[in-house]
A.B. asks: 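Take this structure, written in structure tokens, and hold onto it; I'll ask about it next.
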Amino acid sequence: MGKKSTDAVRADKASNGQQLWASVRHSRPFDRLLVHLWCWQHRCVRISVIMPAFNEAAGIGGVLRHLLESPQFGTDMEVVVAANGCTDDTAAVARSLGVHVLEISTPSKAAALNAADQATSGDVRVYVDADVPVTAELLRQLAATVSRPGIVAAVPRPLIDTSGSAWPVRAYYAMNARLPVFRNRLFGRGIIALSAEARSRFDRFPEITADDMFLDSVVGADEKVEITAVVRVRAPQRTGDLIRRVARARDGNSEFWRFVRAAPPEYGLPADPVTGPSSWSWLRHVLLRAPWLLPAAACYVAIILLAEAKRRTPGWSVRSGWGRQESPQLRR
């Protein structure tokens, strides 16, 4: 029998690993230890989960338990929560669950990401928003993807959950989810996995709101992948919360492009820049192809206009933007 190719050997190892993990999903601690020893022997990658958090005490406990209680969570994973500028019990809640917690006085997501990056040692970095429910199984799928030759970044497919939202919110996302700008991009998911090679392309996260657009821009179009696994992205419940979220996002987009135009050479931007928002994309790419969405389109345009008016209001701050629910519920 001929010698197997390197790719075939890797595929066999991956298949064996998946079968082994599946067999111990509900096994005893000793069996799990054997699995971890197997992973160590075969040099499985170490996964670092970086979770910046700003005043997330109401929901971060559920998000962390959702991850830590996943059957595939193991010793090859570390979780770092970077509580930045919090005025609630975010840090205490996270620390009570046994994860590594950093407390940063500055209310800055970029500062939180940079501090957490310095405190991690993983081969794969997975940046996760503190209100996004993820499982260890999803993290392993992402890590396996960015370990493939030529792939340095991966994201899951977003599923916008509007089940508890007001009808204008549902109408807005009926249009927004169909926009082509999100195709083959890293933003809009709340979770991004990077290989060590991709992370080495820049020193620190810049002090901008759109960190996901920044990561998207440092990775070439043929180097990133959207896997088939799904992550649930909660939509705001109230229309006012959505308007604030959209205002913050549009503010962040404008800030990102100002940064790109003035970025220092060491950032090497942009490898794959977003072409920029099109004022009429909702019409050309969505409504003309799905005319039955006309009522949703009217609502979509109205929310965009209200968001633009909101962000131009004197005293507006992007920190007021996400419109988080006070008690996010995780669905298992």
Side-chain angles (χ1 to χ4, degrees), residues 129 132 151 153-163 165-192 208-236 239 241-261 269-312 321-323:
D129 286 351
V132 174
I151 303 300
V155 291
R157 182 170 60 87
L159 175 64
I160 308 299
D161 181 4
T162 60
S163 58
S165 303
W167 69 265
V169 178
R170 297 197 301 271
Y172 173 87
Y173 282 105
M175 298 293 294
N176 180 264
R178 291 173 166 83
L179 293 175
V181 69
F182 296 105
R183 295 172 190 163
N184 197 37
R185 294 293 180 178
L186 303 182
F187 46 79
R189 276 85 171 167
I191 174 172
I192 299 173
I208 60 175
T209 303
D211 54 279
D212 52 357
M213 291 183 70
F214 168 73
L215 291 178
D216 182 78
S217 69
V218 301
V219 176
D222 58 347
E223 298 179 302
K224 51 195 169 194
V225 170
E226 179 186 87
I227 65 175
T228 56
V230 171
V231 65
R232 183 172 64 86
V233 180
R234 291 184 304 107
T239 305
D241 292 338
L242 174 62
I243 291 170
R244 285 190 291 274
R245 178 180 289 195
V246 173
R248 184 183 191 272
R250 293 177 72 85
D251 227 25
N253 294 347
S254 298
E255 179 187 47
F256 170 75
W257 280 108
R258 291 194 300 270
F259 168 77
V260 168
R261 288 191 289 267
L269 294 174
D272 183 28
V274 182
T275 56
S278 170
S279 300
W280 299 102
S281 181
W282 63 271
L283 177 60
R284 293 198 308 269
H285 300 113
V286 181
L287 185 59
L288 291 182
R289 300 178 184 182
W292 60 87
L293 289 173
L294 179 59
C299 191
Y300 175 85
V301 172
I303 287 173
I304 293 294
L305 293 175
L306 290 169
E308 277 296 311
K310 169 69 73 175
R311 78 182 189 94
R312 297 172 191 274
W322 284 116

A.B. asks: Salt bridge check, D251 against R248: does any charged N sit closer than 4.0 Å to a carboxylate O?
C.D. replies: no
A.B. asks: Under 4.5 Å between any side-chain heavy atoms of Y172 and T162, yes or no?
C.D. replies: no
A.B. asks: Measuring only between side-chain heavy atoms, which start at C-beta, is F187 closer than 4.5 Å to P158?
C.D. replies: no
A.B. asks: Grab the two heavy atoms, one from I160 and one from A235, that are nearest each other, plus how far apart they are.
C.D. replies: CG2-CB, 4.1 Å
A.B. asks: Return the minimal non-hydrogen interatomic distance between S165 and D161, and the atom names on each side.
C.D. replies: OG-O, 4.4 Å
A.B. asks: Which heavy atom in T209 sits nearest to a heavy atom in G252, and how many Å separate them?
C.D. replies: CB-CA, 4.1 Å
A.B. asks: Do you know which two heavy atoms are closest between R178 and R183, and how far apart they sit?
C.D. replies: O-NH2, 4.0 Å
A.B. asks: Taking all non-hydrogen atoms of both residues into account, name the closest pair between W282 and M175 and its distance.
C.D. replies: O-CE, 3.6 Å
A.B. asks: Going by atom type alone, with no hydrogens or angles, which donor-acceptor pairs under 3.5 Å involve a side-chain atom of residues 287-309 and a protein atom two or more places apart or on another chain?
C.D. replies:
{"from": "E308", "atom 1": "OE1", "to": "R311", "atom 2": "NE", "distance (Å)": "3.4"}
{"from": "E308", "atom 1": "OE1", "to": "R312", "atom 2": "NE", "distance (Å)": "3.1"}
{"from": "E308", "atom 1": "OE1", "to": "R312", "atom 2": "NH2", "distance (Å)": "2.9"}
{"from": "E308", "atom 1": "OE2", "to": "R250", "atom 2": "NE", "distance (Å)": "2.6"}
{"from": "E308", "atom 1": "OE2", "to": "R250", "atom 2": "NH2", "distance (Å)": "3.4"}
{"from": "E308", "atom 1": "OE2", "to": "R311", "atom 2": "NE", "distance (Å)": "2.9"}

A.B. asks: Work out which heavy atom in A247 is nearest to a heavy atom in K310; give both atom names and the distance.
C.D. replies: CB-CG, 4.0 Å
A.B. asks: Kindly compute the distance separating CZ (F256) from CG (D211), expressed to the nearest 0.5 Å.
C.D. replies: 11.0 Å
A.B. asks: Donor-acceptor pair, N184 side chain versus A221 backbone, under 3.5 Å?
C.D. replies: yes
A.B. asks: Is the backbone N or O of P168 less than 3.5 Å from a side-chain atom of R170, with the two atoms forming a donor-acceptor pair by type?
C.D. replies: no
A.B. asks: Which residues pass the side chain to side chain contact (heavy atoms under 4.5 Å, CB included) test with R261, not counting sequence neighbours?
C.D. replies: W257, R258
A.B. asks: Under the side chain to side chain contact (heavy atoms under 4.5 Å, CB included) test, which residues partner A153, sequence neighbours left out?
C.D. replies: L186, L194, V219, K224
